[in-house]
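The next block holds one structure in the form of structure tokens; read it before the comments.
Remember, it's 1-based here, ligands and their atoms both numbered in the order they're listed. Just so we're clear, the structure is a prediction, and the values are computed from it rather than from any experiment.
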Amino acid sequence: MQLSVGIVGLPNVGKSTLFQALTKKSVLIANYPFATIDPSVGVVAVPDTRREKLAAFSQSKKDIPAAIEFVDIAGLVRGASEGEGLGNQFLSHIREVSAIAHVVRIFENTNIAQVNDTIDPLRDIELINTELQLADIETKDKTRLLAGKPVLYVLNKESGGHNLDETPSDERWVRLVEYFKQHNATYVVVDANVENDLRDLHTEDKVAFRQELGVDDGINGLIRASYALLGLMSFFTTGKDETRAWTIERGSTAPQAGAAIHTDFKDKFIRAEVIMWDKLLEAGSWAKARELGLIRTEGKEYIVKDGDTIEFLHG
Ligand SMILES: Nc1nc2c(ncn2[C@@H]2O[C@H](COP(=O)(O)OP(=O)(O)OP(=O)(O)O)[C@@H](O)[C@H]2O)c(=O)[nH]1
Ligand SMILES: [Mg+2]
């Protein structure tokens, strides 16, 4: 499934830093605006402890996560919709993605240059969103509108540094949260720099470092929120050979889910045997779950649920 999330925002707010933290791909990170010109694409595993537990349960040789694609896009500035700062070219890169991770700077580090002099996330957000809307007005083809894409706001903070105060005592924070509420928008807070420094560590080491630095698990939350933003969810297959999370759109029927594994599974679908992942773990084995009557037989109309573990029977 080729659905991607574009990393969008003002220049020099940490988009490429975040992209590298996510994808572990080397990209140019630089303390000046418009460091990024050409978009970079990278595939990111969707963290899922349910899948890990299933893989351990089945003693699977392979544990295969779901994946989504992120695209590092150049920074946008005021006037981008009229071509400012190579605006038209950059906007066309945003047209190609399915959803937007909008990075906003909330750290005040005077050593890192910023397009607007002060930290005012709502002003920055509105500036970008206005450019997207203006670009839409100019577009003849109204099927791919920029402002209609689902957005996740990513607030980039600096742990241990000076940040916008994430409490009601900071007027800017109050206005920001109000804006998110009004627009029914989701947001996550990350420290792109720290996440990038930790990117090559093993999970356990990461957990320890995060604790030491007092940073939360922002980046995993970001990946999961992006996955949900794209309208995607996972079902599982599990066995000795592999445990795997398969990506489907929310609301998919059992045959549509089967098609994620093999296109044949859709037309040759007979039935699906289904159990929620945690129920399988509780039962202790597939055979035991069957004995207890916990494995359900579902037909063509069944709408797959997030976390279902499935065996397909096909002709
Ligand atoms: N202190 C601090 N610096 C950061 C953080 N995130 C990014 N930076 C720095 O900000 C500068 C810009 O980062 P980039 O990731 O290149 O920013 P960008 O948004 O991709 O910039 P353009 O591609 O030019 O639009 C670099 O010097 C980064 O090291 C952060 O969380 N804290
Ligand atoms: Mg960049």
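- Salt-bridge check for Arg175 with Asp120: passed, with a basic side-chain N closer than 4.0 Å to an acidic carboxylate O.
- Residues with a heavy atom under 4.0 Å from ligand 1: Pro11, Asn12, Val13, Gly14, Lys15, Ser16, Thr17, Ile29, Ala30, Asn31, Tyr32, Pro33, Phe34, Ala35, Thr36, Gly75, Phe107, Asn109, Ile112, Asn156, Lys157, Glu158, Asp191, Ala192, Asn193.
- At least one donor-acceptor pair under 3.5 Å links the side chain of Tyr227 to the backbone N or O of Met233.
- Ion pair Asp306/Arg50 flagged as a salt bridge, since at least one NZ, NE, NH1 or NH2 atom sits closer than 4.0 Å to an Asp/Glu carboxylate oxygen.
- At distances below 3.5 Å, at least one donor-acceptor pair connects side-chain atoms of Asp136 with backbone N or O atoms of Leu146.
- A salt bridge links Lys61 to Asp241: at least one charged side-chain nitrogen sits closer than 4.0 Å to a carboxylate oxygen.
- In this structure, Phe180 and Tyr187 have parallel ring planes: the angle between them is below the 30° cut-off, well short of the 60° mark.
- The Mg ion (ligand 2) lies at the vertex of an angle of 90° between the OG atom of Ser16 and the OG1 atom of Thr36 (rounded to 10°).
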